[in-house]
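The shown structure was predicted, so the numbers you read here are calculated from the model rather than taken from an experiment.
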Amino acid sequence: MKLVDQKIEKYTKDHTTKSSADIQKLVQKSDRELEHIDMLSGRVVGQLLAMLVKISGAQRVLEIGTFTGCSALKMAEALPRDGKLITCEYNRRYEAIARSGFGSSSHGLKITLKMGPALETIKTFNDPFDLIFLDADKTNYPNYYHAVLPLLKAGGILVIDNVLWEGAVLDPKDEKSQAIDQLNKMIAEDDSVEQVMLTVRDGVTIVRKKEG
Ligand SMILES: C[S@@+](CC[C@H](N)C(=O)[O-])C[C@H]1O[C@@H](n2cnc3c(N)ncnc32)[C@H](O)[C@@H]1O
């Protein structure tokens, strides 16, 4: 199920701030070198992330699921000069493309790419993050929520992509849609956070960790 009419999707894209030349080049390189680039969260979600980074004044960002680095670079562009972004990936082919994109941008200096299974990588972090973007393997979404919430500062923001999984969460039959639905329920029942689920592209939830 396409959640949003294709013409409306195009209209929203056409009326959203354009990606930088560096990101456009990285999207083109990804498209040239890979068979599929449908894992990209895209321009509208990217701009939503950039706005959240700017509005919240985030300085330290964590991303779970780099792919070819487009959303990481988009958030890095929105960070202040001394801002830091750590992004987690385990696929070497995607790593090469992401590193070349980070190397071509002055904002790439803000980015650290950590390779390996993200649930293991997360265990090595101690300092809190201002904003976390979750966009990796869907079957682990509930595990990621447990792992990253303690790393989110009070008042910090967690953004989760694909929370509607093309509508499959309405009648979750496969492992991925069941895990996403489980996470959506966990968040709805968690009194330590407030959240809004948006029907942007494939569904995006913005979670804010309450203070105190
Ligand atoms: C949807 S893509 C990320 C897209 C990226 N955030 C963007 O918008 O450009 C998900 C990525 O997570 C990576 N991934 C999946 N499971 C992972 C795991 N257990 N550890 C680390 N990375 C993982 C995949 O290889 C893939 O590149």
Side-chain angles (χ1 to χ4, degrees), residues 1-4 6 8-20 22-31 33-56 58 61-79 85-91 93-95 97-98 101-102 105 107-108 111 113 118 129 131-141 144-145 148 157-169 176-177 179-180 183-184 187 195-207:
M1 182 202 296
K2 276 283 164 216
L3 301 176
V4 182
Q6 294 296 282
I8 295 285
E9 284 266 11
K10 182 177 180 314
Y11 191 85
T12 59
K13 254 188 229 165
D14 290 347
H15 294 82
T16 294
T17 301
K18 285 193 176 49
S19 305
S20 66
D22 288 332
I23 290 180
Q24 287 182 37
K25 278 189 211 140
L26 188 50
V27 172
Q28 285 159 10
K29 184 176 171 66
S30 309
D31 198 20
E33 296 193 12
L34 300 173
E35 297 73 37
H36 304 287
I37 55 164
D38 51 356
M39 282 203 285
L40 288 174
S41 50
R43 187 160 125 202
V44 175
V45 174
Q47 183 61 22
L48 175 64
L49 290 165
M51 302 275 264
L52 288 169
V53 169
K54 287 184 185 171
I55 293 165
S56 68
V61 173
L62 172 64
E63 177 181 68
I64 321 281
T66 314
F67 189 42
T68 56
C70 293
S71 51
L73 192 53
K74 184 76 193 176
M75 289 188 281
E77 289 176 349
L79 277 168
L85 182 145
I86 298 175
T87 182
C88 306
E89 178 55 60
Y90 68 176
N91 181 306
R93 203 169 164 211
Y94 303 155
E95 176 194 12
I97 300 173
F102 301 159
S105 162
H107 300 279
I111 303 174
L113 173 53
F129 292 94
L131 187 144
I132 300 176
F133 178 42
L134 175 54
D135 191 21
D137 42 329
K138 310 309 165 198
T139 46
N140 268 317
Y141 262 24
Y144 285 124
Y145 187 69
V148 301
I157 294 168
L158 168 65
V159 184
I160 307 162
D161 200 14
N162 307 107
V163 293
L164 294 171
W165 207 233
E166 295 193 349
V169 288
K176 288 183 185 173
S177 35
I180 296 169
L183 172 67
N184 292 339
I187 296 171
Q195 74 282 347
V196 58
M197 185 181 274
L198 305 172
T199 52
V200 175
R201 206 184 64 103
D202 195 25
V204 174
T205 296
I206 301 171
V207 181

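Using a 4.5 Å heavy-atom cutoff, the side chains of Tyr94 and Thr66 are not in contact. Residues Lys29 and Thr68 have side chains not in contact (no heavy-atom distance under 4.5 Å, counting atoms from C-beta outward). Contact check for Glu63 versus Leu49: no side-chain heavy atoms found under the 4.5 Å cut-off. With contacts defined as side-chain heavy-atom distances shorter than 4.5 Å, the pair Phe129/Val148 does not qualify. Residues Leu34 and Ile97 form a side-chain contact, since some pair of their non-hydrogen atoms from C-beta on lies under 4.5 Å apart. Under the 4.5 Å side-chain criterion, counting only non-hydrogen atoms from C-beta, Leu131 is in contact with Met75.
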Worked verdict on Met197 versus Leu164 for side-chain contact (heavy atoms from CB on, under 4.5 Å)
CA-CA 9 Å; Met197 185 181 274; Leu164 294 171; 3.9 Å; yes
Go through Leu85 and Phe102 one step at a time and tell me if the side-chain contact (heavy atoms from CB on, under 4.5 Å) criterion holds.
CA-CA 12 Å; Leu85 182 145; Phe102 301 159; over 6 Å; no
For Thr199 and Leu3: C-alpha separation, side-chain torsions, deciding distance, then whether side-chain contact (heavy atoms from CB on, under 4.5 Å) applies.
CA-CA 7 Å; Thr199 52; Leu3 301 176; 5.5 Å; no
Output, in order, the C-alpha distance, side-chain angles, deciding distance and verdict of side-chain contact (heavy atoms from CB on, under 4.5 Å) for Asp137 and Tyr144.
CA-CA 9 Å; Asp137 42 329; Tyr144 285 124; 2.5 Å; yes
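For the atom pair CZ of Arg201 and CG of Leu48, the computed distance is 11.5 Å after rounding to the nearest 0.5 Å. Interatomic distance, NZ of Lys13 versus NZ of Lys10, reported as 9.0 Å (0.5 Å rounding). Here the CG-CE distance, from Asp161 to Met39, works out to 12.0 Å after rounding to the nearest 0.5 Å. The structure places CG of Leu52 at 11.0 Å from CG of Leu158, a figure rounded to the nearest 0.5 Å. Between the CD1 atom of Ile132 and the CD1 atom of Ile86 there is a distance of 10.0 Å, given to the nearest 0.5 Å. One finds the CG atom of Leu62 at 11.5 Å from the CZ atom of Phe133 (value rounded to the nearest 0.5 Å).
Note on Glu35 versus Arg93: salt bridge recorded, some NZ/NE/NH1/NH2 to OD/OE distance being below 4.0 Å.
Listed here is the closest heavy atom pair of Lys138 and Ala136: NZ-O, 3.0 Å. Across Arg43 and Thr16, no two heavy atoms sit closer than the pair NH2-O, 2.9 Å. In this structure, Cys88 and Ala118 approach most closely via the heavy-atom pair CB-CB, 4.0 Å. Contact detail for Ile157 and Ser56: the closest heavy-atom pair is CD1-CB, 3.9 Å. The two residues Leu73 and Asp22 come nearest to each other via the heavy atoms CD2-CB, 4.2 Å. The two residues Ile23 and Cys70 come nearest to each other via the heavy atoms CD1-O, 4.0 Å.
Although no hydrogens or angles enter the test, the distance criterion places a donor-acceptor pair under 3.5 Å between the side chain of Glu89 and the main chain of Asn91.
A donor atom on one side chain and an acceptor atom on the other are not found under 3.5 Å apart for Tyr141 and Asn184.
Ser41 pairs in a side chain to side chain contact (heavy atoms under 4.5 Å, CB included) with only one of the listed residues (Val159, Asp202, Asp135), which is Asp135.
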